[in-house]
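What you see below is based on every heavy atom in this structure, not just the backbone, and it leaves out hydrogens, waters and symmetry mates. Sequence lines set the chain letters: A, B, ... in the order given, protein chains first and strands last, and positions in each chain run from 1.
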Amino acid sequence: MEGCVLTVGLMAALDTRTDRRPSFAGLLWGSTVGKKTAMAVSGIVMLLYLVVHMLGNLKIFFGAGTFDGYAAWLRTIGEPFLHHEWFLWIARVVLVAAVVTHAVAAYQLSRRDIAARPVKYARPSPGRHPRWRRFAPPLSRRRRASYATRTMRWGGIILGLFIVWHILDLTTLTVNPHAAPGHPYANVVATFSTWYGDVIYIVAMLALGLHVRHGFWSAAQTLGAGSAARDRALKTTAHALALLLTAGFISVPVAVMTGLVS
Amino acid sequence: MKLTLRVWRQKNADADGTMSTYEVDGIAKDMSFLEMLDTLNESLILSGEDPVAFDHDCREGICGACSLVINGEAHGPERTTTCQLHMRAFSDGDTIDIEPWRASAFPVVKDLVVDRGAFDRIIQSGGYITAPTGAAPEAHATAVPKPAADTAFEHAECIGCGACVAACPNGSAMLFTSAKVNHLGVLPQGAPERESRVLDMVERMDAEGFGGCTLTGECATACPKGIPLFSITRMNREFVRAARKRG
Ligand code: HEM
Ligand code: SF4
Ligand code: FES
């Protein structure tokens, strides 16, 4: 009799305890919290790439020989272990994976977020009275979410479109006015000698700065690295990164426009 | 004080609602916001109209029953609960907009009352510890380090009002859920369920139709109990840790 009760008890316990969870990847992709982790990691991968990319671009200030030579060298990285251009292709595959992961997660999460708050308030929040904001903990003192925070989705769409344009312009040379394979310097100068080339590029780089400003700090929170003690350092790094990337990238079209690079 | 109120009126969950305008007079500065609504309801009842339905219970800022988005802000212009908000925060002649919490996971029941059952189900999914029942255990049997006790207490302050969800542009329940995950997760008493708690509560939170977190910080700005935004950071960390161990 007692054994019977024990068995029933055990079965009840097993009933509630043996549900199998999905794999690590399944748990991540299947939840809002985990999907955001995928966004943060893919965002950081792109961010690291962009820092290197921006620094490489600055070689344009050392003349056509240096810049074209640098571009040629990129194709030889890892030789003779890797064949010619293999490193470049590996990097491209990683980047495409990052962009796709990031964009798909952004799309899925955004749809969910919009569905979760279907009705707007009659009057938008005016922000707290300054007198009361003093009593809020440091993080909540902000009146409203910042401009960078509110433009993540639109900024992301601009960046996505820009990535397509940029590849067609300077990688495949499909839309490049000069389109000389193996002569990136001349192609870059040709692009930035058109007004639309400059406008598209500069708008996209401003969007990038805003995206990185909220994105870097945000990724730190998503990956659990943020804390009150570290907040100032993280925010400063986010601002510095955003400024550095935007200024570094924009310096190239500005140099072409002013005739410094031609 | 004389005030113009624009109040969300909705007969039931299925009916369409609208903002209806009412005038109230004779409001004292020392009245609480809910007493001001009581005054409105008295006059509505006297004139044979349906009083405005709103949630309230303790009226001392501890139960989390009161709600209301006042002029676009959850719990109104001060960092407190609606029951602890006083009319001195407003001026004579003001027009005040009063709406229910807006989130698809919090459907409107009637007027300003929403169904916050989703919060209960999130708590049921993991917001507890397993403890033997019977005589109270010896208080010093389990030592709790001071920093852990402080963190637990900070997060235990959540009263489950739902202002965080109402303020969030994504209707996200991350602040609420993280408050409970962290409250119990840092304590030795909560350790046995540390991993399953965060996985189960996040799963339930998603299943209830709350949105995800985009770290806008609006939740922590609205929270009357000062649950910090970093509570969410900490839960993110707990989630990945648990997914690695249990996944
Ligand atoms: C394909 C184009 C892109 C789209 C559609 C996109 C979209 C988004 C969206 C919607 C968010 C979430 C915003 C939020 O939580 O409020 C986000 C976050 C982020 N993005 Fe992008 N983005 C794109 C490109 C990039 C690029 C090129 C970078 C590299 C610098 C980047 C880095 C980040 C980072 C670091 C985050 C933070 C992740 C987090 O919150 O944990 N994104 N992106
Ligand atoms: S976290 Fe704050 S706003 Fe959200 S339910 Fe708890 S007390 Fe209310
Ligand atoms: S009525 Fe209890 S907290 Fe406001």
Side-chain angles (χ1 to χ4, degrees), chain A residues 17 21-28 30-37 40 109-110 112-129 131-133 135-146 149-150 152-153 214 217-218 220-228 231, chain B residues 6 8 19 69 71-74 77-80 89 97 99 102-105 165-172 174 196 198-199 202-203 205-206 209-223 226-230 232-244 246-247:
Chain A
R17 304 258 165 166
R21 298 210 189 263
S23 62
F24 179 56
L27 273 173
L28 288 193
S31 77
T32 50
V33 174
K35 201 165 275 188
K36 199 76 199 290
T37 311
L109 287 172
S110 298
R112 196 194 156 88
D113 295 347
I114 292 164
R117 238 319 263 291
V119 185
K120 296 233 175 322
Y121 292 113
R123 197 190 296 195
S125 161
R128 297 218 156 219
H129 191 283
R131 183 156 55 95
W132 291 99
R133 277 190 282 133
F135 297 103
L139 252 177
S140 14
R141 217 178 283 158
R142 165 176 41 208
R143 262 182 92 88
R144 277 192 69 194
S146 70
T149 308
R150 287 181 283 125
M152 286 303 272
R153 285 179 195 146
H214 179 66
W217 176 85
S218 200
Q221 310 310 319
T222 302
L223 299 174
S227 68
D231 202 48
Chain B
R6 303 203 311 142
W8 183 259
M19 295 294 273
V69 169
N71 288 342
E73 290 185 285
E78 292 179 5
R79 178 172 254 264
T80 185
D97 287 354
E99 296 168 86
R102 297 288 191 195
S104 44
V165 175
C168 175
N170 311 319
S172 173
M174 287 284 278
S196 61
V198 61
L199 295 178
V202 168
E203 186 183 338
M205 176 185 87
D206 286 347
F210 292 104
C213 177
T214 56
L215 293 154
T216 64
E218 307 267 359
C219 54
T221 309
C223 175
I227 304 295
L229 189 53
F230 294 122
I232 293 177
T233 309
R234 195 186 256 270
M235 179 167 80
N236 288 334
R237 187 162 67 226
E238 283 291 304
F239 182 88
V240 174
R241 177 184 171 277
R244 252 202 339 256
R246 289 291 180 96

Study note, to complete from the structure: chain A shares the most heavy-atom pairs under 4.5 Å, among B:Ala103, B:Gly171, B:Gly212, B:Cys213, with B:Gly212
Exercise for review: Taking all heavy atoms of B:Val202 and all of A:Ser31, pick out the closest pair and write down the distance.
Suggested key: CG1-CB, 4.2 Å
Study note, to complete from the structure: Counting heavy-atom pairs under 4.5 Å with chain B, the top scorer among A:Ser110, A:Gly226, A:Ser227, A:Ser218 is A:Ser227
Point to revise | Interatomic spacing from CD in A:Gln221 to CZ in B:Arg234 - rounded to 0.5 Å | key: 12.5 Å
Check your understanding: Does some side-chain heavy atom of A:Val33 sit less than 4.5 Å from a side-chain heavy atom of B:Met174?
Key -> yes
Review point. Quick one: of A:Ala228, A:Gly34, A:Pro118, who has the most non-hydrogen atom pairs under 4.5 Å with chain B?
Key: A:Ala228
**Study point:** Among the listed options B:Cys168, B:Ala167, B:Cys219, B:Ala105, the residue most often paired with chain A at heavy-atom distances under 4.5 Å
**Key:** B:Cys168
Point to revise | Pairwise distance CG(B:Leu199) to CG(A:Leu27) - rounded to 0.5 angstrom | key: 5.5 Å
Exercise for review: Could you tell me whether a side-chain N or O of B:Ser104 sits under 3.5 Å from a main-chain N or O of A:Ala115, the two making a donor and an acceptor?
Suggested key: yes
**Study point:** Per-residue contact mode, A:Ala25 against chain B (heavy atom under 4.5 angstrom)
**Key:** neither
Exercise for review: Check B:Gly211 against A:Ala116 and note the closest heavy-atom contact, atom names and distance.
Suggested key: N-CB, 3.3 Å
Practice item. Report yes if some heavy atom in the side chain of A:Arg21 is under 4.5 Å from a heavy atom in the side chain of B:Ser196; otherwise report no. Key: yes
Practice item. Output yes when a side-chain donor or acceptor of A:Arg112 lies under 3.5 Å from a complementary backbone atom of B:Asn170, and no otherwise. Key: no
Review point. Side chain to side chain contact (heavy atoms under 4.5 Å, CB included) with B:Phe239: which of A:Thr32, A:Leu28, A:Thr37?
Key: A:Leu28
Exercise for review: Mind listing the closest non-hydrogen atom pair of A:Ala122 and B:Asp97 along with its distance?
Suggested key: CB-OD2, 4.1 Å
Review point. For chain A, which of B:Glu99, B:Glu238, B:Arg6, B:Met205 has the most heavy-atom pairs under 4.5 Å?
Key: B:Glu99
Review point. Can you find a heavy atom in the side chain of B:Leu215 that is under 4.5 Å from one in the side chain of A:His214?
Key: yes
Review point. Side-chain contact, heavy-atom cut-off 4.5 Å: A:Val119 with B:Arg102?
Key: yes
Check your understanding: Are the side chain of A:Tyr121 and the backbone of B:Ala166 linked by a donor-acceptor contact shorter than 3.5 Å?
Key -> yes
Study note, to complete from the structure: Cut-off 4.5 Å, heavy atoms of chain A, and the answer for B:Thr214 is both
Revision key, fill the gap. Shortest non-hydrogen pair, A:Trp217 vs B:Leu229, comes out as CH2-CD2, 4.0 Å
Point to revise | Side chain, backbone, both or neither of A:Lys120 within contact of chain B (heavy atoms, under 4.5 Å) | key: backbone
